[in-house]
Structure formats: structure tokens, C-alpha cells
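Below is one structure, written out as C-alpha cells; the observations come after it.
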Amino acid sequence: MDGCIFCKIAAGEIPSATVYEDEDLRVIADISPANLGHLLIIPKEHAADLTELPAETACKVMLTAKRVVAAMKKGLCPDGVNVLQNNGEAAGQTVMHYHMHIIPRYRGDQVKIGWEPMQGQPEAVAGAAEKVKKALEETDERP
Ligand code: AMP
Ligand code: ZN
């Protein structure tokens, strides 16, 4: 997509520290990493977020994440790894081209990923789950 920086990076038009590339995606070092070794999996075809990502690409991204996490464990020996991605500005997405973060973690590191758990609202929890369940039942899309 015109003007999309990740389209340009994925296509190789803007240089990046690439650790893996194939016909569908590119894996690069995040330019402002949460920890050293923080990588991004970027599909070559533009999709703003997970809902726009074709199912085959979503599968490929996840299979690549599995490989990259294994390689990260071998290469960097982290104590843990976060695999995450943000959908929408309210969820922290700043680049509106789908990407998955792979972040190596070390005990006592300063990376902050988290939330304050909500307490004591069992009916609201069940109610919100029910709304998603109903919406799921209304679509016949299956993985
Ligand atoms: P998100 O907040 O999930 O949209 O993540 C966007 C990520 O892209 C951030 O972690 C940025 O540091 C990273 N980023 C932005 N521009 C570049 C770039 N030119 N090369 C590599 N990473 C980038
Ligand atoms: Zn794009």
C-alpha cells in the first residue's frame, strides 16, 4: 500500500536488519526494541490488522513464529519469549500494517507487558464472553 513503511520494508525497498525472508514474509529486528533481539514478522501483502490478514498468511505467520522462537531460544538463551501483536490504536498498534512481535525475556528485565486484573465482576465476565460467543455463532467461518 502506498505510503506504508512496513510494505516498503517487507518488499526490501527500505533496508532492515533481516533475519529471515521468503515469498510471503520478512522477519526483521525492531528498530526500537523492548529487549535486544526483539523481532517483527511482517507479511509482504498489506493487511492493517489480524482481521484483514488472509487465513493462509495468518497460518504462515504463526508457523514462522514457532520457528523463530526456537531459533531465538538457541541463539540468545532467553528465560522466556513473548509473542504478541496489537490490533488498533487503542491496543497499542502504531504501525497499521499487521506484524507480530517476538520478544526475548530475561528474569528481572525491565520490559513491561501487562494489565491490572479486574476483580469481582463474574456476571460482567460471563456477559462479555456471551456476546463474543453469539457473534462467533453468527459467522460460519471456521479455521
Ligand atoms: P506496534 O506498536 O505493535 O504497531 O509496533 C510497531 C513496532 O514497529 C514498534 O516496536 C517500532 O519500534 C517498530 N518499528 C517502527 N518503525 C520501524 C522500522 N523502520 N524498522 C523496524 N522497526 C520499526
Ligand atoms: Zn503495508
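In listed order, ligands and their atoms are each counted from 1. Every heavy atom of this structure was used, including side-chain atoms; hydrogens, water molecules and symmetry mates were not. Numbers for residues simply follow the sequence, beginning at 1.
Near I9, meaning under 4.0 Å from any of its heavy atoms, are these atoms of ligand 1: 18 (C), 19 (N), 20 (N). For ligand 1, the atoms closer than 4.0 angstrom to any heavy atom of I28 are 21 (C). With ligand atoms numbered from 1 in the order given, ligand 1 contributes 1 (P), 2 (O), 3 (O) to contacts under 4.0 Å with heavy atoms of N86. Each of the atoms 19 (N) of ligand 1 lies under 4.0 Å from some heavy atom of I5. Short contacts between ligand 1 and A29, defined as distances under 4.0 Å to a heavy atom of the residue, involve ligand atoms 21 (C). Proximity to H101 (heavy-atom distance under 4.0 Å) selects the following atoms of ligand 1: 1 (P), 3 (O), 5 (O), 7 (C), 10 (O).
Contact of the V68 side chain with the L39 side chain is registered, since non-hydrogen atoms from C-beta on lie closer than 4.5 Å. Residues H101 and N82 have side chains not in contact (no heavy-atom distance under 4.5 Å, counting atoms from C-beta outward). The closest side-chain heavy-atom distance from R105 to V111 is below 4.5 Å. Within the 4.5 Å cutoff, no side-chain heavy atoms of Y98 are placed close to those of H46.
Residue E21 places its CD atom among more than 12 non-hydrogen atoms of other residues, nucleotides or ligands, all under 6.0 Å distant. When the shell of 6.0 Å around CG of L36 is examined, it contains 12 or fewer heavy atoms from other residues, nucleotides or ligands.
Under 4.0 angstrom from ligand 1, there are no non-hydrogen atoms of I14. For H99, every heavy-atom contact with ligand 1 shorter than 4.0 Å involves the side chain, none the backbone.
Excluding water, every protein N/O/S atom under 2.8 Å from the Zn ion (ligand 2) is given here by residue and atom: C4 SG, C7 SG, H46 ND1, H97 ND1.
With respect to the salt-bridge test (charged N to carboxylate O, under 4.0 angstrom), the residues E130 and K134 do not qualify. Taking a cutoff of 4.0 Å between a charged side-chain nitrogen and a carboxylate oxygen, K44 and D24 do not qualify as a salt bridge.
The shortest contact between atom 7 (C) of ligand 1 and any protein heavy atom is with D30 OD2, 3.5 Å. Nearest protein heavy-atom contact of atom 8 (O) of ligand 1 is F6 CZ, 3.5 Å.
Between H97 and H99, the distance separating the two ring centers is not shorter than 6.0 angstrom.
Cation-pi contact between R26 and F6: absent, since separation from the ring centre below 6.0 Å together with deviation from the ring axis within 45° is not met.
For the pair G92 and ligand 1, the shortest N or O to N or O distance falls below 3.5 Å.
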